[in-house]
Every structure is written in structure tokens, then in C-alpha cells.
Amino acid sequence: MALSWALRLPCRHLRPLSALLRSLPGRDHSLLTEKTAAKQKEKKKPRKGYSLPGSSWEERLANAVTPLWRLPYQEQLQVKYESQRKILQTLASRLKELGVDVQQPDGLCCPLQPVVPSPVITGYRNKSTFSVNRGPDGNPKTVGLYVGTGRARNIVCVKANHVENIPSKHKQVAQCYEDFIRRSPLDSCILFHEGGHWRGVPPTSRGHTMAIVTFHPQELGQEALAMQKALLKEFFTCGPGRVCALTSLYFQASTMTRCSHEQSPFQLLHREPHIFEEVLGLKFRISPDAFFQVNTGGAEVLYQAVGELSQAGGDTVLLDICCGTGTIGLSLAHRVSKVIGIEVVAKAIEDARWNAAFNGISNCEFHGGKAEAVLPQLLSSWEGPQPLVAVVNPSRAGLHYRVVRAIRNCKSIRRLLYISCKPEGEAMRNFLELCCPPNPQKKLSGEPFTPTLVIPFDMFPHTVHCELVLLFTR
């Protein structure tokens with residue numbers, strides 16, 4: 001079962017990033033600067049007496065999903081700042097090995113700004129993904145999150161009732177779904193080859209309240225499948241599940257762990273085919289498998305900062321690579337002459353085009369397909385006199401090498417913003433490819449980029465993760 005929901009934050013005037021950062025006193029908000037970082041030597045201890053009600057399984061789950069939940073938020077930001085420092089130190093060392101000496105006296109490759117805090121600390125996720133598996137009591141129809149690993153064969157599915165970053169609405173729908181499958185005579189599908197039907201879900205959309213049920217059909221015929229869909233719809237529209245007041249209810253019959261709409265269509269069972277979110281005064285339509293930042297309030301702060309850092313003017317063309325539903329490009333469209341978005345998910349491209357039209361934005365075009373196929377073709381024929389600014393927001397897998405090469409070899413791109421939720425992973429490879437000396441063997445003939453500024457954004461309070469924005473220039 002996957003379900004999605006977003007808090008509607010009140011509209012507010014967002015100040016320029018420079019003013020925003022200046023208005024956040026370092027100590028009052030625990031935005032650790034280099035000076036204060038040196039003073040943070042004593043070990044931070046969890047709040048005494050702060051524990052979860054219920055079983056130790058719930059505490060183990062909280063520790064696994066939100067490992068910083070015991071720390072006051074100020075200290076969470078300090079932990080994350082130190083983590084980002086280490087990443088930048090690693091990048092500086094790796095670049096030095098390649099003959100690029102950008103290391104500063106503090107060991108970093110460029111200035112690191114304080115961590116920008118999230119405007120919402122608890123229950124901020126606008127998307128949650130729940131699994132179905134054996135619970136602590138052995139019940140195979142438990143809906144929750146995993147403790148343990150498949151490799152160790154010690155997975156236990158624990159209810160997420162006390163996980164800080166999941167809203168109560170999500171927990172309510174998860175509980176209702178558990179009630180439904182426990183009434184069903186069909187088994188849960190834990191291992192595909194062992195049979196069973198009721199499953200967890202791939203990441204999906206967010207907005208008001210959208211729930212997507214993933215189901216393994218096994219040997220069921222179309223008539224039996226139709227019966228299960230009818231029962232599911234009845235439960236959430238007329239039965240006990242109606243308390244969830246779902247905006248959208250989808251069903252996906254799939255034999256794969258994760259798959260797209262093209263591989264196995266999402267079937268709408270109830271009400272609206274899309275949900276909507278508002279960011280920086282724009283309305284965005286979101287399909288079930290389209291990407292959208294999980295922290296809406298944090299995304300507004302992030303996109304505002306990207307606009308400031310881009311220094312895009314009225315003659316600039318903005319490349320929005322891995323654009324999803326077009327949120328970044330559309331939010332910056334008023335600053336530039338044109339936005340060109342690229343996205344592999346077909347439904348997300350449909351959403352992006354709809355979003356542009358609905359918001360009355362006419363200077364955007366969106367291309368569907370893999371970035372490594374679309375971008376090189378676009379840039380190879382680029383002859384426009386306008387300056388190009390590129391914004392990339394890839395998945396944790398990072399950018400394909402052909403995308404990096406196309407950006408690197410395009411002389412018109414002098415400014416690049418790389419947004420990464422896992423900069424220590426595959427993104428690190430991208431950073432090195434962007435900044436290394438020219439390499440004819442790898443067909444990297446363009447002038448190398450230089451890391452210029454890094455700003456971490458806390459999009460994921462209570463976890464160890466940040467969304468890192470790295471500005472590269474040349």
C-alpha cells in the first residue's frame with residue numbers, strides 16, 4: 001500500500017536567499033558555521049528519559065528510519081553539517097588525486113553554507129510507502145516499515161505509529177489497509193515464488209490523499225481480479241476505510257517489485273486521477289508515478305535558493321534536467337527567456353505540460369525520454385546566443401555519463417546547479433567528471449567546472465540525509 005498526502009502550507013513571501021541566511025542567527029538556529037564547528041567537541045547525548053510507548057520494535061523502527069529523532073532539532077542540524085563537511089573534504093581529496101587542487105585551508109573544496117532548516121519538522125512527508133510482511137507477532141498481513149534486512153533474513157514489518165516524519169493521515173490509511181487485507185481470504189505476497197497477492201507499493205504521488213495498492217495477480221483471472229478491485233473500492237468508499245476520505249484510489253496488478261505505468265498500468269478505482277500541490281504560488285498536477293519532493297515546505301525554500309544561485313537573467317535559457325513534473329523550471333520561468341525540461345517518466349512530462357498551461361506559463365518546453373538520449377541531441381545543435389544555465393536533480397543513481405559529457409562539452413553552459421540527496425554516492429562520480437582535467441579518452445574536451453558554493457537543505461528532519469545544492473561554475 002502506498003499513500004500520499006501533503007500539508008497545505010499558508011502562502012508566504014519568500015525573501016532572497018542571502019537575506020534568508022542572514023536572518024538565521026547561527027547559534028539560535030544551530031546552523032553550524034566553520035567557526036562554531038570547531039567548538040562542538042563534546043559528544044551529543046540523546047534526551048534522557050525520551051523513549052517510545054509500546055514495544056521495543058517500535059523504537060527499533062524509529063531508530064532505523066529516523067535515527068536522529070532523539071536529538072533536539074538544533075543538534076540534528078549540527079550533525080548534518082559535519083556530515084556535509086566530510087563529503088566536501090572527500091571531494092577535495094579526490095579532485096587533488098586527479099590533479100585539480102581546489103582544497104581550501106579548512107580542507108573543503110569550496111565554501112559550505114550553514115544547513116538551511118526545514119520549515120516543518122514533524123509529519124512533513126507528503127509521500128509514504130508501506131510494505132506488507134510478517135509483523136513482530138508473526139502475522140503476515142502487517143502493514144508498516146521494515147526492520148532488518150533481506151540478506152540477514154531477519155526482516156520484520158513494524159507499524160509506523162511512532163515514526164516522527166510520517167503524518168497521522170498516512171498512518172490512518174495504513175491501518176485501514178491492514179484491516180482490509182486481514183479480512184481478505186487472499187494471502188499477502190511476501191515472496192513472489194511462494195504465492196500470495198497483497199503487496200506493498202513502489203514510490204508514487206502525493207497531494208491531498210492518494211492511495212495506491214499493488215497486487216500480485218499470480219494465477220487469478222480477470223473476473224477474480226475485478227472482484228478484488230470491487231471489494232477494495234467498497235471498503236474505502238462505503239466501508240470502514242471511508243474515514244480516510246481518499247481523493248484518489250489506484251490499483252496496480254504487477255509481477256515485478258517496482259514498475260512504471262507503462263510496464264503495468266495504474267488503474268483508477270475511485271475519484272480523481274490526479275492530485276495537486278501548490279509550490280511558490282503555482283499549482284502542480286501529480287500522477288501516481290511522478291517524482292515530487294517529499295517535503296513541500298522545504299521544496300519551496302530549496303527552489304527559491306536555486307533561483308538565486310542560478311543568477312539567471314531575462315536572456316537566459318534554463319535546462320531543467322530530470323525535471324519531474326516541472327516544479328523547478330516552472331518556478332523559475334519568470335526569471336528566464338526559456339525553460340527546457342527533460343524527464344524519463346512519460347506521465348510526469350504530461351503533468352509538466354499541463355502544469356505550464358494551467359499556470360499560464362508559455363516559455364517552457366518539455367521533452368520526454370532518457371536524459372542521456374535527449375540532452376546530447378539538444379546541445380549538439382545548440383547555436384543560440386543566449387547563456388545556458390543547467391539545473392540537474394537526478395535520482396540517487398546520479399547522471400548518466402553521456403549527460404555529464406554533454407554538459408561538460410557545451411561551451412554555453414557556464415553555471416551548473418547539481419541537486420543531490422546522496423552526494424556521497426554515485427553523484428560523487430559526476431562531480432569528478434565535471435571537474436577533472438580534459439580527458440580525450442573519455443571524450444571530455446570541455447573546460448572543467450569548479451565547485452564554487454555548497455548549501456545543504458534539511459529536507460528530511462530526523463534522518464541523517466540532506467538535499468545538497470552544489471554550484472559549479474567555469
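The basis for the numbers below is simple: all heavy atoms, side chains too, and nothing from hydrogens, waters or symmetry mates.
- Contact check for L268 versus P273: side-chain heavy atoms found under the 4.5 Å cut-off.
- For N359 (side chain) and K283 (main-chain N/O), a donor-acceptor pair under 3.5 Å exists by modelled atom type.
- Judged by distance alone, with hydrogens and angles left aside, the side-chain atoms of K141 form no donor-acceptor pair with the main-chain N or O of F180 at under 3.5 Å.
- Residue L375 is tested with L319, V392, L399 for a side-chain contact (heavy atoms from CB on, under 4.5 Å); the sole match is L319.
- Counting heavy-atom neighbours within 6.0 Å of K233 NZ, excluding the residue itself, gives a total of 12 or less.
- At least one side-chain heavy atom of L108 sits under 4.5 Å from a side-chain heavy atom of R85.
- The ring of F251 has its center closer than 6.0 angstrom to the ring center of F215.
- Side chains of R182 and N139 form a contact here, defined as non-hydrogen atoms less than 4.5 Å apart.
- For the pair Q175 and K159, the minimum side-chain heavy-atom distance is below 4.5 Å.
- Across every non-hydrogen atom of S310 and G307, the tightest pair is OG-O, 2.8 Å.
- A distance of 4.5 Å separates CZ in F266 from CG in D289, rounded to the nearest 0.5 Å.
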- Task: Applying side-chain contact (heavy atoms from CB on, under 4.5 Å), run through T452 and F472 and close with a yes or a no.
- Result: CA-CA 6 Å; T452 305; F472 295 93; 5.8 Å; no

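- Shown here for P265 and Q252, the closest heavy-atom pair between the two residues is O-CG, 4.0 Å.
- Distance CD/E300 to OG1/T327: 11.0 Å, rounded to 0.5 Å.
- Distance check: L318 CG to R335 CZ gives 10.5 Å after rounding to the nearest 0.5 Å.
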- Task: Could you please spell out the steps behind the side-chain contact (heavy atoms from CB on, under 4.5 Å) verdict for Q228 and S184?
- Result: CA-CA 9 Å; Q228 296 307 314; S184 172; 4.2 Å; yes

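- With hydrogens and angles ignored, the 3.5 Å screen pairs a side-chain donor or acceptor of Q104 with a backbone N or O of C110.
- Proximity of a side-chain donor or acceptor of S188 to a complementary backbone N or O of I190 within less than 3.5 Å is not detected.
- Remark: T66 engages no residue in a side-chain hydrogen bond (donor to acceptor under 3.5 Å, both in side chains) (not counting sequence neighbours).
- When only modelled atom types and interatomic distance are considered, T450 and T473 share no side-chain donor-acceptor pair under 3.5 Å.
- Residues Q172 and P167 have side chains not in contact (no heavy-atom distance under 4.5 Å, counting atoms from C-beta outward).
- Put simply, the side chain of L145 reaches to within 4.5 Å of the side chain of I166, judged on heavy atoms.
- Annotation: side chain of C364 is in contact with side chain of L330 (closest heavy-atom distance under 4.5 Å).
- Panel note: side chain E178, backbone V143; a donor-acceptor pair is recorded below 3.5 Å.
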- Kindly determine whether S118 and N295 satisfy side chain to side chain donor-acceptor pair (under 3.5 Å), including the steps that lead there. CA-CA 8 Å; S118 171; N295 182 337; 3.0 Å; yes

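- No donor-acceptor pair under 3.5 Å is formed between the side chain of T247 and the backbone N or O of H208.
- Annotation for V158 and P136: closest pair CG2-CG, 4.2 Å, computed over non-hydrogen atoms.
- Here CG of L112 is found 9.5 Å from CD of E82. Values are rounded to the nearest 0.5 Å.
- Between F366 and W354, the ring centre distance reaches or exceeds 6.0 Å.
- When atom types are taken as modelled, the side chain of K171 and the backbone of N161 share a donor-acceptor pair closer than 3.5 angstrom.
- Taken from CG in L470 to CZ in F431, the straight-line distance is 4.5 Å, to the nearest 0.5 Å.
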- Message: One pair to check against side-chain contact (heavy atoms from CB on, under 4.5 Å): I181 and V132. What are the steps and the verdict?
- Response: CA-CA 10 Å; I181 65 173; V132 178; 3.8 Å; yes

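- Note: F236 and Y177 fail the aromatic proximity criterion, with ring centroids not under 6.0 Å apart.
- Within the model, atoms SG of C435 and CG of L91 stand 6.5 Å from one another, a figure rounded to the nearest 0.5 Å.
- The side-chain contact (heavy atoms from CB on, under 4.5 Å) test with R151 is passed by exactly one of N154, T149, I155: T149.
- Salt bridge R429/E433: present, at least one basic N to carboxylate O contact under 4.0 Å.
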- Query: Run the side chain to side chain donor-acceptor pair (under 3.5 Å) check on S287 and E350 step by step: do they pass?
  - Reply: CA-CA 9 Å; S287 295; E350 290 180 17; 5.9 Å; no

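- No side-chain N or O of R271 forms a donor-acceptor pair with one of T237 less than 3.5 Å apart.
- Side-chain contact, N63 with W69: a donor N or O sits under 3.5 Å from an acceptor N or O.
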Listing, residues 457-469 side-chain donor-acceptor contacts under 3.5 Å, not counting sequence neighbours, or none:
residue	atom	partner	partner atom	Å
D458	OD1	K80	NZ	2.5
D458	OD1	F460	N	3.4
D458	OD2	Y73	OH	2.5
H462	ND1	Q76	NE2	3.0
H462	NE2	I121	O	3.1
T463	OG1	F460	O	2.7
T463	OG1	H465	N	3.2
E467	OE2	Q293	NE2	3.4

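- Counting heavy atoms from C-beta outward, N355 and L282 have side chains that stay 4.5 Å or more apart.
- Of the possible polar contacts, one joining the E343 side chain to the G324 backbone as a donor-acceptor pair under 3.5 Å is found.
- Across A371 and I321, no two heavy atoms sit closer than the pair CB-CG2, 4.1 Å.
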